[in-house]
Amino acid sequence: MNTAAPSAHAGLFNPSDPAFIANPYPIYQLLRDNAPVFRTPVGFWFLTRHEDVNALVKDRRLGKGFAERMTRQYGADHLQEPAIRSLGLTMLVQDPPVHSRLRGLVTKAFTTKAIESLRQRIEALANDLIDAVIDAGEMDIIRDFAHKLPVHVICDMLGIPEDHRGRFMQSSQVAGRLIDPAPLTPQELVIANERTQLSETYFNSLFEHRRTDPGDDLTSHLVQAEEAGDNLSDEELTANILLLFSAGHETTANLIGNGLLALHRHPDQLALMKSGQLNWGDAIEELLRFDSSVQLTSRTSFEPIEFSGVTIAAGEQIVGSLGAANRDPAVYADPHRLDLTRSGIRALSFGGGIHICLGARLARLEGEIAFKTLMKRLPGLQLTDIDQVQWRQTFTLRGLTELHATW
Ligand code: HEM
């Protein structure tokens with residue numbers, strides 16, 4: 001096996017190719033078998049083995065190196081673009097000690113107890129969404145259910161009033177692209193900047209509202225933390241609320257969409273889920289392993305570091321393919337088979353190390369309730385065309401633009 005083979009496989013790797021986006025797993029497999037530590041033609045390294053990706057997210061000799069990465073991708077004069085500046089202030093791309101300070105301010109809202117207390121509300125929301133479409137006999141699962149459910153849940157958590165939520169119900173095609181290893185086009189950057197500024201304006205007015213009329217929600221708690229001292233700047237407050245908002249819904253919407261598609265492509269597993277005779281925790285973990293809504297995570301090496309016998313110099317961008325690691329046969333028997341009874345999954349769908357997904361418990365609960373509700377309320381649900389689905393043109397976040405169903 002050739003672990004380095006940087007250029008031999010260069011022609012294979014085109015993350016913007018629609019065929020790759022539709023099904024990246026054969027390319028992941030080729031790379032994992034032939035060049036698991038692969039230098040892509042656009043200059044970042046790409047890791048596909050479970051062992052390497054797991055080490056990448058946990059090793060403290062690596063960090064986010066966000067400013068360096070953005071400078072490389074866009075040039076230093078673009079660091080103050082609203083979308084880049086806002087993302088740069090979030091815990092997602094910060095290294096300690098700033099990362100620990102920002103994450104520490106919100107972890108309490110995501111403990112097992114706090115999340116479990118949301119169960120009844122999430123069940124009620126899921127049922128309301130089905131009530132709204134059941135008589136029509138059809139829906140776009142993404143627009144009418146998968147997107148709306150987590151948006152309502154994160155809006156509840158952030159204290160966004162019900163009558164303000166309409167603006168958040170449209171799925172954005174550009175949001176999320178900024179975290180791709182390939183840069184946005186100038187037009188996409190303009191749209192991302194506009195969206196960021198619009199959201200900032202909205203959240204600033206929400207903060208004013210919550211300052212005078214605090215509630216038991218995350219925004220009120222963060223506004224109080226900001227007022228209590230120098231723990232959180234105004235800009236950090238806005239940026240991290242925006243992060244929670246977008247991380248809190250796009251990913252979960254895709255768990256529901258990708259999961260439902262996978263189930264319909266594996267009718268025996270769909271029947272098993274409908275029977276209810278399964279461990280729901282394992283089943284959700286398996287759906288995430290099989291086709292995760294977050295396909296990769298990126299780090300920068302602070303010093304030379306070795307993966308599978310290849311030494312990578314300091315200052316390089318290294319991308320770990322969570323999607324490839326989740327299908328590594330060294331860890332999972334028959335990895336391309338969806339098996340809801342698989343147990344002990346060591347999936348990297350939620351990342352690992354200090355940036356491990358803050359919302360993993362919430363996502364698992366939302367996923368469980370979404371699938372249980374769909375199976376119970378719409379047992380005759382059929383997807384209209386499971387071979388012609390449209391994927392969103394992103395590399396990091398994996399999800400469908402729409403998914404039509406009838407019953
Ligand atoms: C199926 C759903 C989800 C998936 C697959 C997912 C996946 C991930 C992954 C892989 C990371 C790590 C990124 C990295 O290493 O750079 C992450 C981080 C994060 N996620 Fe999620 N996520 C999901 C849902 C959620 C939800 C519902 C929320 C919150 C409401 C959330 C909030 C966050 C935040 C705040 C971070 C940054 C944590 C940090 O940097 O310390 N996620 N997520």
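Index from 1, following the sequence. Remember, it's 1-based here, ligands and their atoms both numbered in the order they're listed.
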When you look at CG of Asp216, are more than 12 heavy atoms from neighbouring residues, nucleotides or ligands closer to it than 6.0 Å?
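Incorrect, the count does not exceed 12.
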What I want to find out is whether [X] reaches [Y] closely enough, with some N-O distance under 4.0 Å, to be called a salt bridge.
X	Y	value
Arg101	Glu236	yes
Asp156	Arg165	yes
Glu81	Arg85	no
Arg392	Glu402	no
Lys372	Glu123	no
Arg119	Glu116	yes

Check whether any side-chain heavy atom of Leu270 sits under 4.5 Å from a side-chain heavy atom of Met375, and report yes or no.
yes
When you compare ligand 1 with [X], is there at least one nitrogen or oxygen pair between them that comes in under 3.5 angstrom?
X	value
Ser292	no
Thr252	no
Glu366	no
Ser349	no

How does [X] reach ligand 1, by side chain, by backbone, by both or by neither, if only non-hydrogen atoms under 4.0 Å count?
X	answer
Arg103	side chain
Arg299	side chain
Met157	neither
Val57	neither
Leu255	side chain
Val106	neither
Ile154	side chain

Which residue owns the protein heavy atom closest to atom 40 (O) of ligand 1, what's the atom, and how far is it?
His355 ND1, 2.7 Å
For atom 37 (C) of ligand 1, what's the nearest protein heavy-atom neighbour? Residue, atom name and distance, please.
Leu92 CD1, 3.8 Å
Using heavy-atom distances, let me know which of Thr297, Leu102, Leu218 sits nearest atom 14 (C) of ligand 1.
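It is Thr297 whose heavy atom sits nearest to atom 14 (C) of ligand 1.
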Looking only at non-hydrogen atoms, the one of Met91, Lys64, His99 nearest atom 41 (O) of ligand 1 is His99
[Y] and [X] side chains, donor-acceptor separation under 3.5 Å:
X	Y	result
Ser308	Arg49	yes
Thr112	Arg361	yes
Arg377	Asn127	yes
Ser321	Gln295	no
Thr252	Glu366	yes
Ser292	Asn326	no

List every atom of ligand 1 that sits less than 4.0 Å from any heavy atom of [X], numbering the atoms from 1 in the order shown and giving each element.
X	answer
Leu322	10 (C)
Ser293	1 (C), 5 (C)
Ile354	41 (O)
Phe110	29 (C), 30 (C)

Apply salt bridge (charged side-chain N to carboxylate O under 4.0 Å, His left out) to the pair Arg211 and Glu226, showing each step before the final yes or no.
CA-CA 10 Å; Arg211 265 186 239 283; Glu226 183 216 0; 3.1 Å; yes
Run through the protein N/O/S atoms less than 2.8 Å from atom 21 (Fe) of ligand 1 and write them out by chain and number.
Cys357 SG
Please state whether Leu288 comes within less than 4.0 angstrom of ligand 1, counting heavy atoms only.
yes
Enumerate the side chain to side chain donor-acceptor pair (under 3.5 Å) contacts for residues 333-343, please, sequence neighbours excluded, ordered by first and then second residue.
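For residues 333-343: Gln29-His336, Glu286-Arg342, Arg327-His336, Asp334-Arg337, Asp339-Thr341.
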